[in-house]
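Shown next, in structure tokens, is the structure this report addresses.
Since we're looking at a predicted model, the values are computed, not measured.
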Amino acid sequence: MNFLNIFKKKKSYMCELMHNHLHFSCRNALEPCCSANIGPAFVSELSNKNSILSFLENKKKFIKMLKNGQIPSECKNCVHLQPYKQVDDLRINKMTLNHYTQCNCACVYCTQGNRTFEKIAEDANKPVLFDVLKFINELYDNDLIDKEKLYIDFQGGNISCLKNHQEIIETFLKRGVGTIYIPTNNIVYMPIIEQLLANKKGELCTALDSGCRETYLKIKQVDKFDKSIDNIRKYISVAGNDSIIIKYIIVNGYNDNLNEFKMFMDKMIDLNVKIIVLDIDYRDIIDGDFTIPKHYYEIVDYAKKACKEHNMDLGIPPYTTQVLKQGYSKK
């Protein structure tokens, strides 16, 4: 034994997601996050559990482990690990709802794998894994939610296919919530989203990924480009454009050319969209080495220039910024 190690100060860690986030996972679990490093589950086989006691016990256990310098195997090398600091408020301030996979299109980059129309039809008839409302209400009943800060992120399939989406949203509005973020393909116009946007309680994000009907069809595999555009226009006319985000995910071989992106930007200018997010298809990065083509940077440069000229906000997610800077990434 090296007795000098006795005098070395043991490192202590903490994770804000472990303290204050909650992810309802399509893996039938309650988890602290849905990042690249998926942390240890607070509760596995959630559909078989009747209370949140296991969640509370395991949350305290993992927080204590990190404080004592013990990093759970699932958290190794995670960017969210920080030097320990005391956190007194352990209430949930961000909740991700990812417990459903039902959708009405088949994006080629879907994280659910290579989706087909047969898979879409099959998913549409599947029940969700568990009743999130039961757990959400228990969290509220036990004062485990920061009602003013709570940020809700619907990240499963498409929200219009989630049968009780309105009941879930109305529960948050009734019991206390800060902002409800809704990513949707925007194929179906939803009055509840209109209500959220008008009341400044919601954010709408649509990945249009194209500037024309033909490219949209190739990527989404449904012919709904015009419908999505019409719905964006309708939401803006009713609720304004300050909480409507339109995303363009660069997909290798589909829309990764400057002409397509210019058509997309022309559409956004015509619609009076004010928030654009530019991203890349993560499959190319996750699957191994991928050299970022030169024309990706041409799209980025044009996006920055056009957004500046037309007083639009341009967002590029931190991970994408890192990948573009490095020129490649590895699994």
### Message
Is the distance from the ring center of Tyr235 to that of Tyr189 below 6.0 Å?
### Response
yes
### Query
Can any side-chain N or O of His310 pair as donor or acceptor with the backbone N or O of Cys307 at less than 3.5 Å?
no
### Summary
Quick note, salt bridge (charged side-chain N to carboxylate O under 4.0 Å, His left out) partners involving residues 183-200, not counting sequence neighbours, are Lys200-Asp242
### Query
Aromatic rings Phe42 and Phe62: how do their planes relate, parallel, tilted or perpendicular, breaks at 30° and 60°?
tilted
### Message
Tell me whether Ile316 shares a hydrophobic cluster with Tyr297, the cluster being built from Ile, Leu, Val, Met, Phe, Trp, Tyr side chains joined at under 4.5 Å.
### Response
yes
### Message
On a heavy-atom basis, which atom in Asn255 and which in Tyr248 lie closest, and how many Å separate them?
### Response
O-OH, 2.7 Å
### Summary
Excluding Tyr151, membership of its hydrophobic cluster (Ile, Leu, Val, Met, Phe, Trp, Tyr; side-chain heavy atoms within less than 4.5 Å) reads Tyr181, Ile245, Ile275, Val277
### Message
Tell me if a side-chain donor or acceptor on Asn98 pairs with a main-chain N or O of Cys26 at a distance below 3.5 Å.
### Response
no
### Message
Ignoring hydrogens and geometry beyond distance, is a side-chain donor-acceptor pair present between Ser160 and Asn158 at under 3.5 Å?
### Response
yes
### Summary
What one should report as the nearest heavy-atom pair of Val108 and Arg283 is O-NH1, 2.8 Å
### Query
Under 4.5 Å between side-chain heavy atoms, hopping through other hydrophobics if needed: is there a path connecting Met263 to Ile269?
no
#### Entry: Leu133 reachable from Leu173 in the ILVMFWY side-chain graph, under 4.5 Å edges
yes
#### Entry: Within the 6.0 Å centroid threshold, strictly below: Tyr254 and Tyr109
no
### Task
Please name the pair of heavy atoms, one in Lys220 and one in Cys105, separated by the smallest distance, quoted to 0.1 Å.
O-CB, 3.7 Å
### Message
Taking Lys247 first and then Asp209, would you say they form a salt bridge - that is, a charged N and a carboxylate O separated by under 4.0 Å?
### Response
no
### Task
Report the C-alpha separation of Asp153 and Thr96 in whole Å, then their side-chain angles, then the decisive distance to 0.1 Å, and conclude whether the side chain to side chain donor-acceptor pair (under 3.5 Å) test is met.
CA-CA 5 Å; Asp153 188 354; Thr96 305; 4.7 Å; no
### Query
What closest approach, in Å, do Ile92 and Met95 show between heavy atoms, and which atom pair accounts for it?
CG2-CE, 4.3 Å
### Task
Please determine if Lys134 and Glu138 form a salt bridge, counting it only when a charged side-chain N lies under 4.0 Å from a carboxylate O.
yes
### Query
Within the side chain of Asp256, is there an N or O that forms a donor-acceptor pair under 3.5 Å with the backbone of Ile250?
no
### Task
Assess whether side chain to side chain donor-acceptor pair (under 3.5 Å) is satisfied between Gln70 and Asn68, documenting all intermediate values.
CA-CA 6 Å; Gln70 300 171 299; Asn68 291 336; 4.5 Å; no
### Task
With the side chain counted from C-beta on, respond yes when His99 and Ser25 share a heavy-atom pair under 4.5 Å apart, and no when they do not.
no
### Message
Using the rule given for side chain to side chain donor-acceptor pair (under 3.5 Å), can you reason through Gln86 versus Tyr84, listing the C-alpha separation, both sets of side-chain angles and the distance that settles it, and then say yes or no?
### Response
CA-CA 7 Å; Gln86 182 68 33; Tyr84 178 78; 2.8 Å; yes
### Task
Considering non-hydrogen atoms only, spot the tightest contact between Ile145 and Ile136 and give its length.
CD1-O, 4.2 Å
### Message
Looking at Lys308 and Asp313, is any side-chain nitrogen of the basic one under 4.0 Å from a carboxylate oxygen of the acidic one?
### Response
no
### Task
State whether Arg27 and Glu31 are salt-bridged, where the test is any N-O pair (Lys NZ or Arg NE/NH1/NH2 against Asp/Glu carboxylate O) under 4.0 Å.
yes
### Task
Report the residues that fulfil ring-ring contact (aromatic ring centres under 6.0 Å, His included) with Phe225, sequence neighbours left out, ordered by chain and then residue number.
Tyr216
